[in-house]
Amino acid sequence: MPEETLITDSLHIPDGQVPQLVLVGTDYRRADVQQRERVSFDAEEGEEVLINLLARPEVSEAYLLSTCNRTEVYLVPREGHDAYACARDLIFQPREPALVNEGRLYIKRHREAVEHLLGVACGLESMVLGEPEILGQVKQAGQLAAATGAAGEVLQRLLRGATSSGRRARSQTSISVGAVSFGYAALDLARSIYSSLETRRVLLVGAGEMAHQVARNLRDQGVTDFVFTNRGQERADRFQEAFPQAQRRPFSECQEALEEADLTVVSTAADRPVLSQADVEAAARRRADPLLLVDLSLPRNIDPAAAKVDNVFLYDLDSLDTLIQRNLRRRREEVPQVEEIIHRETDQFFSWLQGLEAEPVIARLQQQAEGLRREVVERARGRFPESTHEDLDRLTRALVRKLLHHPSAGLRRDQTTPSQLELVRELFQLNDGYSPMEEPVENPGGEGDS
């Protein structure tokens, strides 16, 4: 059993029943980007959704995970209820009915739902296998659910398991090692050439989506000295707004910027090279360190002949794709190890969850024993000096605790079956309102007392 304390009073778990988890969601496999956008929730909207879910009598606990690639809600239904309709009616139907009508939602229950969330946290369900950002998004959504009061004992325990699995997958396996996007591949190449990226200058030629991706990666890696240039004014303005720390240079100064940069990433829509072999030769002559050029354009925007220049490293989409595919193969090889982490964590969660079924039985057994102890002590108190009454009470309490310790621990083990719990109820008469006050108590002093 895990070390977490079982708080059955807050869960109101009836005898013989364990909370049944329900997951309702959609992701990039089921819905296109426009549909995912319509069912995407920011923090404020997510808080409102969680509050509305808790107001429904069918829902005991709720957790909402909304990212660019998925929207999923995890629910703990109340006894005798199916909470699927709540998720459908409050989250998906109002914003994008097609998801419901066209069967683009998936529903997972209990163990399947648990394994799915753990897989999400480990990056196995991401569009890019092993993508590391999702773990932080899972944690942030969990913090919101806890702050709202929507995540109770069950979901909080599940989220701790998801966070633990995600961390172990990244520390114990290579599921997130190696670049698998063109933007990160460019940075990986730069790290292989330069000892420290933070002290290097980066030039971005172009200000489209690819340039945005590279700039985000640069920012995440602590690179602060980067310059950009673009022919079109509108795209340049949008890029400057998104990355105010970037230095803007006119496109006419592209040659001068190239000479000052260590890494140059070109991603324009030009139909011919914007950097010629002569441009690269001129830049290389003015520096002692290697010059790294990454061409993310199609057609290529750096003259392929520039690769012949001494002290210049040129990579295009094909060469980067070879690196990416090699890294993806390495990540796929790590999947079985990550799945083993998920299976172990899932087993631990259900061991804990199974313990909830035994808690009402243990509580009744302890209450019954305490009632019997009090009755025996009250009847025997007059036979002992008043000065010993406190010791008598303390000793009998300790005796009851010791007698019930091993039976209680045994009932909490995950091997305990419903039939075993029923046997305990029958042996100790826990099913029929048994009260120890109704039973005769033998003389505690033994046969020699009068």
Side-chain angles (χ1 to χ4, degrees), residues 2-13 19-27 36-79 81 83-92 94-95 108 110 113-114 116-123 125-126 131-170 220 345-346 348-349 352-353 356:
E3 297 179 356
E4 285 79 2
T5 302
L6 303 177
I7 308 176
T8 54
D9 288 344
S10 64
L11 291 167
H12 303 292
I13 303 299
Q20 300 292 308
L21 293 166
V22 177
L23 156 64
V24 184
T26 193
D27 64 7
R36 298 199 305 274
E37 286 174 345
R38 295 187 190 105
V39 294
S40 178
F41 296 84
D42 59 25
E44 184 176 346
E45 294 170 330
E47 181 177 0
E48 182 180 356
V49 165
L50 291 173
I51 292 173
N52 290 336
L53 283 169
L54 285 186
R56 297 288 292 263
E58 301 94 332
V59 177
S60 174
E61 300 182 32
Y63 165 70
L64 176 67
L65 177 62
S66 184
T67 72
C68 59
N69 283 328
R70 71 183 63 252
T71 294
E72 299 175 345
V73 59
Y74 295 77
L75 302 173
V76 178
R78 294 192 185 277
E79 179 188 0
H81 289 283
Y84 160 71
C86 296
R88 179 196 63 201
D89 296 343
L90 290 177
I91 297 177
F92 299 102
R95 291 196 172 203
K108 302 179 185 293
H110 218 36
V114 171
H116 181 85
L117 179 58
L118 269 56
V120 168
C122 291
E125 300 293 333
S126 297
E131 184 267 311
E133 294 180 5
I134 186 62
L135 179 58
Q137 295 170 324
V138 168
K139 292 168 61 178
Q140 289 176 359
Q143 291 167 356
L144 177 62
T148 310
E153 195 73 9
V154 173
L155 287 181
Q156 287 191 43
R157 173 61 180 82
L158 174 58
L159 288 166
R160 287 197 296 273
T163 300
S164 174
S165 296
R167 287 173 175 167
R168 288 164 57 200
R170 285 156 180 78
D220 293 344
E345 187 64 45
T346 301
Q348 290 180 5
F349 174 76
W352 175 85
L353 198 60
L356 296 180

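Quick note: numbers below take in every heavy atom, side chains included, and nothing from hydrogens, waters or symmetry partners.
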E45 side chain to D42 main-chain N or O, any donor-acceptor pair under 3.5 Å?
yes
Whether R38 side chain and R95 backbone form a donor-acceptor pair below 3.5 Å
no
Of all heavy-atom pairs linking T148 and L144, the shortest is OG1-O, 2.7 Å
Write down the atom of F92, the atom of T71, and the distance for their closest heavy-atom approach.
CZ-O, 3.7 Å
When rounded to the nearest 0.5 angstrom, what is the spacing between CD in Q348 and CG in L353?
13.5 Å
When rounded to the nearest 0.5 angstrom, what is the spacing between CG in D89 and OH in Y84?
8.5 Å
For a quick test of reading the model, state the closest non-hydrogen atom pair linking R36 to D27 and the distance between them.
CD-C, 3.8 Å
Mind listing the closest non-hydrogen atom pair of V76 and L155 along with its distance?
CG2-CG, 3.9 Å
Can you find a heavy atom in the side chain of R167 that is under 4.5 Å from one in the side chain of T163?
yes
To check you understand the geometry: which heavy-atom pair defines the closest contact between A87 and V73, and what is its length?
CB-CG1, 3.4 Å
Carboxylate-amine/guanidinium contact E72 K108, below 4.0 Å:
no
Could you tell me which non-hydrogen atom of S66 sits nearest to which non-hydrogen atom of S40, and how far apart they are?
OG-CA, 3.4 Å
Quick one: do V138 and Y63 satisfy side chain to side chain contact (heavy atoms under 4.5 Å, CB included)? Show the steps, please.
CA-CA 10 Å; V138 168; Y63 165 70; 3.5 Å; yes
Apply side chain to side chain contact (heavy atoms under 4.5 Å, CB included) to R88 and V24, showing your working.
CA-CA 8 Å; R88 179 196 63 201; V24 184; 5.6 Å; no
Look at the side chain of S165 and the backbone N and O of L118, then say whether any donor-acceptor pair between them is shorter than 3.5 Å.
no
What pairs with R168 under side chain to side chain donor-acceptor pair (under 3.5 Å), at least two apart in sequence or on another chain?
E345
Can you measure from OG1 (T346) to CG (L117) and round to the nearest 0.5 angstrom?
9.5 Å
When rounded to the nearest 0.5 Å, the distance separating CG of L159 from CD of Q143 is 10.0 Å
For the atom pair CD (E61) and CG (L53), what is the distance rounded to the nearest 0.5 Å?
12.5 Å
Spacing of CG belonging to L21 relative to OH belonging to Y74, to within rounding of 0.5 Å
10.0 Å
Got a sec, which residues hit salt bridge (charged side-chain N to carboxylate O under 4.0 Å, His left out) with E58, two or more places apart in sequence or on another chain?
R56
Do side-chain atoms of S164 reach the backbone of R160 as a donor and acceptor pair under 3.5 angstrom?
no
Mark yes or no for whether R70, through its side chain, and E125, through its backbone, hold a donor-acceptor pair below 3.5 Å.
yes
Within the 4.5 Å heavy-atom criterion, are S126 and N69 side-chain neighbours or not?
no
